[in-house]
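Here's the structure we're looking at; comments come further down.
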Amino acid sequence: MTWILGWTVSLFAFIKAQLVILLLHVLSAGPIPRHVAFEMDGNRRFARLTGRRAVEGHSDGFHTLKRILEICMRLDIRCVTVYAFAIENFNRPPDEVGALMKLAEERLVEIAQNGALLSQYGVRLNVLGHRELLPMHVQVAIDKAEGMTRHNDRAILNVCAPYASRHEITLAVQSAVQQALDKDIYNSSLITEQTIEENLMTSLGGSPPLDIFIRTSGVKRLSGFLQWQCCENTQIHMVNTYWPDFGLWDFVPIILDYQRKVWARSSS
Amino acid sequence: MVATLFLWFLHILHASLVYLIAKFQKRRYLPPQPITAYRSKLPKHLAIILVSYDAANPKNTEELYLECLVRVVKWCRVLGIEQLTAYDAEGTLLGCSDIIQERLIHCDDLSTDGSESELEYPLTPPLSEASESRSHSPDFEDFPLRLNVKTVYSFRKSASHHRPRKVAVRRRAHDKDPPHNPLTLHIIARSASKAAIASAARFLLDEEFHRRQNSHNLDHVKAYELPISKLNSILEGGLPSPDFMIVHHVCTQDPTPPLELHGFPPWQIALTEIHRTIAHDVVPLNHSNHSVSSLITEEAFCRALDEYAGAQFRLGR
């Protein structure tokens with residue numbers, strides 16, 4: 001009897017997987033966003049709900065990231081940006097920060113390896129942020145993971161860690177000023193909004209404009225994530241689901257909203 | 001082709017579900033707390049983004065924006081919210097800032113039924129030019145910095161103020177209205193957004209270029225370094241960061257489009273709590289061209305404040 005039960009469960013899982021693929025194929029018939037950002041919030045609260053440590057919530061969150069990334073790749077979303085670690089997160093308890101650093105070190109290399117998710121879908125990994133603040137062993141792992149995917153050109157995954165939007169904007173302004181100073185002829189009018197936009201970390205990594213910004217766990221703030229990129233022409237969704245629970249049924253309505261916007265724009 | 005048909009069916013199904021859920025939620029909506037109810041926290045600086053998709057009727061849009069702003073100013077002053085930023089992307093409010101001042105004075109005159117009061121709006125930059133915020137360099141006259149923020153101050157003077165009056169002020173009956181606290185109103189448009197950051201960058205470039213020219217040592221070969229605090233002092237010197245932001249559509253659409261920030265200044269929204277008014281709380285005014293106009297109501301404002309009071313700030317921890 002056990003084998004019948006196992007076989008039935010496997011059959012249902014197979015049918016479910018095929019239905020998901022079919023659903024994604026149907027969605028792909030309409031306009032698809034070029035760039036989606038996820039503020040993956042709620043890992044610790046999700047873990048506490050189930051009586052576990054915060055660190056285990058982050059591990060669950062990583063599995064959700066892989067799942068959502070695969071959905072995005074199947075939908076042909078060319079750029080995904082995730083907020084993995086804020087500069088302010090260094091204020092967290094040292095054991096949690098240490099566990100997050102270990103997670104980053106192991107998992108980034110894991111998904112960048114041959115045959116793994118990023119190579120399967122031709123995704124180039126960019127780690128954006130104030131990298132010098134990270135422990136040296138994590139920086140080494142990041143360099144290795146980025147190196148493994150450098151030649152991938154089908155899609156981009158930006159992992160922001162440790163990141164803060166004001167830091168990114170400041171660096172962009174700094175770069176714009178330095179570029180103008182380096183020119184033979186001084187001309188301050190050369191610095192425009194476009195100049196700063198081009199010097200943002202996301203732009204330097206080849207990311208297109210941001211179409212959709214999603215924050216999970218019910219918090220209704222940007223908390224220093226992609227402020228320049230999402231303040232204009234970006235649909236912002238603050239969903240109540242905690243990140244480890246975020247799935248297709250949260251994501252599909254967001255894609256449908258985006259498609260309606262594109263159709264409304266093209267008809268007007 | 002088949003996939004497209006299925007997609008249309010999916011959209012119809014989704015729209016129907018959204019409609020039914022909205023209907024169901026409408027019945028379960030609890031009214032928000034009254035405006036003067038106790039709330040564990042109130043924003044010190046509130047921002048309101050006014051949005052209209054009715055480009056065909058700019059005069060109507062202007063009137064709606066003005067009325068919404070006057071209402072929000074009144075409520076802010078009742079609650080003691082010290083700063084209010086009013087934003088619309090197109091600059092409609094910025095273009096009628098003189099009308100705004102008149103309306104605010106008029107509303108104050110009508111509501112001050114009691115104690116002697118005098119409203120003043122000094123320090124307002126000339127209406128014909130975009131305001132130029134003072135820079136933090138001692139030579140700021142050489143490096144104009146355009147942050148494009150129009151700031152209006154309103155405050156209540158007591159009877160013993162020092163400025164000599166030209167007209168006697170009538171004493172009225174004891175004031176039973178709620179107190180009207182001082183308020184600083186910033187009126188901005190998209191020109192105060194990314195363009196202001198670009199302006200700050202040009203100012204910093206000018207400053208660095210002239211510093212290097214005047215410098216007698218060889219430190220000009222060093223790479224230019226900009227601390228976040230320096231850029232922050234320039235940008236927040238023109239427009240401080242709001243704690244809370246309310247996005248209100250004066251011309252509602254069905255279905256309601258997802259939240260957008262419509263070009264609000266990006267530097268200032270790092271930790272701003274964001275709320276959008278819901279259709280349930282706003283009263284439709286009229287129907288024109290398939291769109292419905294709506295003013296922000298006290299109920300919508302109170303619901304926003306209730307949400308802000310319940311928000312938790314972990315600040316990275």
Side-chain angles (χ1 to χ4, degrees), chain A residues 22-23 25-30 86-93 164-167 169-174 176-178 180-181 186 188-189 191-197 212 219-224 227-238 252-254 256-261 264, chain B residues 1-7 9-11 14-15 17-18 89 190 193-195 197-198 200-206 208-209 212 220 223-228 230-232 253 255 257-275 307 311-317:
Chain A
L22 183 64
L23 174 62
H25 179 67
V26 165
L27 280 174
S28 303
I87 291 177
E88 288 78 21
N89 289 157
F90 281 113
N91 297 328
R92 289 187 176 180
S165 203
R166 284 186 174 184
H167 172 250
I169 296 171
T170 304
L171 278 186
V173 169
Q174 181 179 282
V177 169
Q178 184 65 60
L181 289 168
Y186 172 72
S188 67
S189 65
I191 297 185
T192 61
E193 286 179 43
Q194 188 58 32
T195 320
I196 297 172
E197 174 105 27
I212 297 176
V219 174
K220 296 190 177 172
R221 294 185 292 279
L222 304 182
S223 295
Q227 287 156 226
W228 177 288
Q229 292 86 339
C230 80
C231 75
E232 197 163 27
N233 293 323
T234 302
Q235 292 187 338
I236 296 175
H237 294 264
M238 313 281 198
V252 165
I254 291 172
L256 294 175
D257 275 339
Y258 174 80
Q259 291 181 336
R260 260 204 307 282
K261 169 182 169 176
Chain B
M1 183 67 181
V2 173
T4 307
L5 281 173
F6 271 110
L7 182 62
F9 172 71
L10 191 58
H11 272 275
H14 176 242
L17 279 172
V18 166
R190 203 193 168 281
S193 182
K194 294 176 179 177
I197 298 178
R202 288 192 291 272
F203 163 76
L204 289 165
L205 170 63
D206 282 342
E208 179 65 11
F209 179 76
R212 291 183 179 195
H220 67 273
Y224 175 68
E225 282 184 12
L226 174 62
I228 297 176
K230 182 164 186 177
L231 186 56
N232 185 57
Q253 290 180 308
L259 172 68
E260 292 191 28
L261 298 180
H262 305 279
F264 192 89
W267 183 267
Q268 282 82 354
I269 53 174
L271 294 175
T272 304
E273 189 79 9
I274 302 169
H275 173 88
E307 193 173 282
Q312 291 181 340
F313 288 78
R314 292 185 301 279
L315 299 173
R317 287 184 288 276

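Just so we're on the same page: letters track the sequence lines, and every chain starts at 1. The basis for the numbers below is simple: all heavy atoms, side chains too, and nothing from hydrogens, waters or symmetry mates.
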| field | Worked verdict on S193(B) versus E193(A) for side-chain contact (heavy atoms from CB on, under 4.5 Å) | value | CA-CA 10 Å; S193(B) 182; E193(A) 286 179 43; over 6 Å; no
| task | Report the C-alpha distance between Y186(A) and L205(B) in whole Å, list the side-chain angles of each, state the deciding distance to 0.1 Å, and finish with yes or no for side-chain contact (heavy atoms from CB on, under 4.5 Å). | result | CA-CA 10 Å; Y186(A) 172 72; L205(B) 170 63; 3.7 Å; yes
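Evaluated for a side-chain contact (heavy atoms from CB on, under 4.5 Å) with T170(A), the options N232(B), I228(B), I197(B) yield exactly one hit, I228(B).
The two residues I274(B) and M238(A) come nearest to each other via the heavy atoms CD1-CE, 4.1 Å. Taking every heavy atom of both residues into account, P266(B) and Q227(A) meet most closely at O-NE2, 2.8 Å. Counting all heavy atoms, side chain and backbone alike, E208(B) lies closest to L181(A) at CG-CD1, 3.6 Å. When all heavy atoms of L7(B) and L27(A) are compared, the closest pair comes out as CD1-CA, 3.9 Å. The nearest pair of heavy atoms linking A198(B) to T192(A) is CB-C, 3.7 Å. Heavy-atom minimum distance, I269(B) versus C231(A): CD1-CB, 4.3 Å.
The closest donor-acceptor contact from the side chain of R202(B) to the backbone of S188(A) lies at 3.5 Å or more, if one exists at all.
Atom-to-atom distance recorded for K220(A):NZ and L259(B):CG is 9.5 Å, nearest 0.5 angstrom. Within the model, atoms CG of L222(A) and OG1 of T272(B) stand 7.5 Å from one another, a figure rounded to the nearest 0.5 Å. To the nearest 0.5 Å, atoms CD (E232(A)) and NZ (K194(B)) are separated by 5.0 Å.
There is no contact between S165(A) and chain B, counting heavy-atom distances below 4.5 Å. Q194(A) does not touch chain B: none of its heavy atoms, backbone or side chain, sits under 4.5 Å away. Contacts of I236(A) with chain B are made by both backbone and side-chain atoms, with heavy-atom separations under 4.5 Å. Both the backbone and the side chain of F6(B) come within less than 4.5 Å of a heavy atom of chain A. Residue contact with chain A, scored on non-hydrogen atoms closer than 4.5 Å, involves the side chain of L231(B) exclusively. Contact annotation for L23(A): only side-chain heavy atoms (C-beta onward) come within less than 4.5 Å of a heavy atom of chain B. For E225(B), the parts lying under 4.5 angstrom from a heavy atom of chain A are both the backbone and the side chain. For a residue to count as touching a neighbouring chain, one of its non-hydrogen atoms must lie under 4.5 Å from one of that chain's; by this rule P265(B) does not touch chain A. Contact annotation for H237(A): only side-chain heavy atoms (C-beta onward) come within less than 4.5 Å of a heavy atom of chain B.
Atom NE2 of H25(A) is surrounded by 12 or fewer heavy atoms from other residues, nucleotides or ligands within 6.0 Å.
Listed options H14(B), H275(B), M1(B) were ranked by heavy-atom pairs under 4.5 angstrom with chain A; first place goes to H14(B). Annotation: maximal heavy-atom pairing with chain B below 4.5 Å, among S28(A), S189(A), P253(A), occurs at P253(A). Chosen from L10(B), T4(B), L17(B), L204(B), the residue pairing most often with chain A at heavy-atom distances under 4.5 Å is L10(B).
Every residue two or more places apart in sequence or in another chain that forms a salt bridge (Lys or Arg N to Asp or Glu O under 4.0 Å) with E260(B) is listed here: K261(A). Partners of R260(A) under the salt bridge (Lys or Arg N to Asp or Glu O under 4.0 Å) rule, at least two apart in sequence or in another chain, are D257(A).
Using a cutoff of 4.0 Å between basic side-chain nitrogens and carboxylate oxygens, R221(A) and E273(B) are scored as salt-bridged.
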